[in-house]
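A short worksheet on the structure shown next.
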Amino acid sequence: MAIQGVIFDLDGVITDTAYLHFLAWKALGDSLGVEITLELNERLKGLGRQETLTLILKVAGLYDHYTEAERQALAERKNRTYVASLENLTPQDLLPGIGDSLKDLKKRGIKIGLASSSQNAKLIIKKLGLEPYFEAMVDPRSLSRGKPDPEIYLKAAAALGLTPAKCAGVEDARAGLEAIRAAGMTAIALGQSLEQVPADYHLSSTRDLAKVNWDDIVSKE
């Protein structure tokens with residue numbers, strides 16, 4: 001039986017908001033005297049906002065310097081910087097091949113879901129003009145555990161009315177791929193940096209995603 005649902009991550013898969021996140025975290029880090037390097041940024045991919053802040057502060061040895069309320073305020077400050085940068089997003093900011101992939105999936109009657117750790121996911125999808133494609137978007141605030149825990153993918157499959165085995169997940173980060181595989185879904189990895197990470201399919205870029213024949217991807221049931 002062919003896959004009946006495809007669940008996408010957002011940052012780095014549908015649009016490159018990952019770089020906007022980096023700039024917002026870097027601005028916060030600069031204000032705290034903490035350097036947010038590109039290497040550290042790679043470790044942040046796929047993590048939620050509070051998890052990201054926790055990692056940054058622990059790497060810098062500053063975690064215990066702030067109360068929980070102060071850490072929450074820092075995360076909110078970063079988010080305000082990030083949200084301001086989203087105002088300029090348009091459908092032109094879709095990564096290559098994503099628009100064609102979504103159109104193809106919808107034409108085939110395959111359900112589409114979103115499993116993003118971003119609390120701004122709905123705003124981003126709206127700015128990109130993609131609301132008609134997504135039948136389910138998991139609110140990360142409803143989660144008790146972040147990626148690599150499979151909770152977000154399990155909730156997305158349930159929202160689509162499908163068992164995990166009938167779904168494929170698309171990710172560009174190790175934590176996300178681990179979540180997909182732990183959920184029992186078909187795992188599709190995007191990006192050459194993930195070639196050595198276990199997945200059912202490895203694609204070099206989003207352009208390759210547009211070439212996938214979804215009828216050839218068989219579910220695990």
Begin from the C-alpha positions of Ile7 and Met185 and carry the test side-chain contact (heavy atoms from CB on, under 4.5 Å) through to its verdict. CA-CA 10 Å; Ile7 302 169; Met185 298 181 181; 3.7 Å; yes
Do you know which two heavy atoms are closest between [X] and [Y], and how far apart they sit?
X	Y	result
Pro132	Lys106	O-NZ, 3.2 Å
Ala179	Asp149	CB-O, 3.5 Å
Leu194	Glu171	CD1-O, 4.0 Å
Glu51	Lys147	OE2-O, 4.5 Å
Ala165	Ser219	O-CB, 3.2 Å
Gly12	Asp172	CA-OD2, 3.4 Å

Between [atom1] of [X] and [atom2] of [Y], what distance do you get to the nearest 0.5 Å?
X	Y	atom1	atom2	answer
Ile98	Thr206	CD1	OG1	5.0 Å
Leu190	Asp208	CG	CG	8.5 Å
Arg43	Leu55	CZ	CG	5.0 Å
Ile56	Leu28	CD1	CG	7.0 Å
Asp9	Leu114	CG	CG	7.5 Å
Cys167	Ile180	SG	CD1	10.5 Å

Using the rule that Ile, Leu, Val, Met, Phe, Trp and Tyr join whenever any side-chain heavy atoms are under 4.5 Å apart, tell me whether [X] and [Y] fall into a single cluster.
X	Y	answer
Val218	Tyr201	no
Leu162	Val170	no
Leu53	Tyr82	no
Leu130	Trp214	yes
Val13	Ile188	yes

Full working for side-chain contact (heavy atoms from CB on, under 4.5 Å) between Thr15 and Ile124: CA-CA 9 Å; Thr15 189; Ile124 295 169; 4.0 Å; yes
If you apply the rule side-chain contact (heavy atoms from CB on, under 4.5 Å), what do you find for Val212 with Leu203, and how did you get there? CA-CA 10 Å; Val212 171; Leu203 304 178; 4.0 Å; yes
So does [X] have more than 12 non-hydrogen atoms from other groups sitting under 6.0 Å from [atom1]?
X	atom1	answer
Lys26	NZ	no
Glu76	CD	yes
Arg174	CZ	no
Glu87	CD	yes

Side chain to side chain, [X] and [Y], heavy atoms closer than 4.5 Å:
X	Y	result
Leu10	Ile125	yes
Leu32	Leu57	yes
Val83	Leu123	yes
Leu94	Ile14	yes
Lys166	Met1	yes
Leu154	Pro164	yes
Thr90	Leu128	no
Thr17	Asp93	no

Run the side chain to side chain contact (heavy atoms under 4.5 Å, CB included) test against Thr54 and tell me which residues pass, sequence neighbours left out.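 Thr54: side chain to side chain contact (heavy atoms under 4.5 Å, CB included) contacts with Lys58, Tyr63.
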For Glu35, which residues count as a side chain to side chain contact (heavy atoms under 4.5 Å, CB included) partner, sequence neighbours excluded?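 Glu35 satisfies side chain to side chain contact (heavy atoms under 4.5 Å, CB included) with Thr37 once adjacent residues are dropped.
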Checking Asp16 against Asp11 for the side-chain contact (heavy atoms from CB on, under 4.5 Å) test, could you report, in this order, the C-alpha distance in whole Å, the side-chain angles of both residues, the deciding distance, and whether it holds? CA-CA 6 Å; Asp16 192 15; Asp11 297 335; over 6 Å; no
For Tyr133, what residues pass the ring pair (Phe, Tyr, Trp, His ring centres under 6.0 Å) criterion, not counting sequence neighbours?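 Applying ring pair (Phe, Tyr, Trp, His ring centres under 6.0 Å) to Tyr133 gives none.
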Ring geometry between Phe134 and Phe8 (parallel below 30°, tilted from 30 to 60°, perpendicular above 60°):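 Answer is perpendicular, since the angle exceeds 60°.
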Taking the cut-offs as 6.0 angstrom to the six-membered ring centre and 45 degrees off its axis, would you call Lys155 and Tyr153 a cation-pi pair?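 Here Lys155 fails the 6.0 Å and 45° test against Tyr153.
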Has the side chain of [X] got a donor or acceptor atom that lies under 3.5 Å from a matching backbone atom of [Y]?
X	Y	answer
Glu70	Thr67	yes
His202	Gln192	no
Lys127	Leu89	no
Arg207	Pro96	no

Tell me, please, which residues at least two apart from Asp104 pass side chain to side chain donor-acceptor pair (under 3.5 Å).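 Testing Asp104 for side chain to side chain donor-acceptor pair (under 3.5 Å), a comparison that skips the adjacent residues, returns Arg108.
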Looking at residues at least two apart in the chain, or sitting in another chain, which of them share a salt bridge (Lys or Arg N to Asp or Glu O under 4.0 Å) with Arg77?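 Listed in chain order: nothing, the list is empty.
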Going by the rule salt bridge (Lys or Arg N to Asp or Glu O under 4.0 Å), which residues pair with Lys220 if we only count those two or more places apart in sequence or in a different chain?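 With neighbours one apart ignored, the set is Asp200.
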Would you call Lys122 and Glu131 a salt bridge, taking side-chain N to carboxylate O under 4.0 Å as the test?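 A salt bridge is absent here (no side-chain N lies under 4.0 Å from a carboxylate O).
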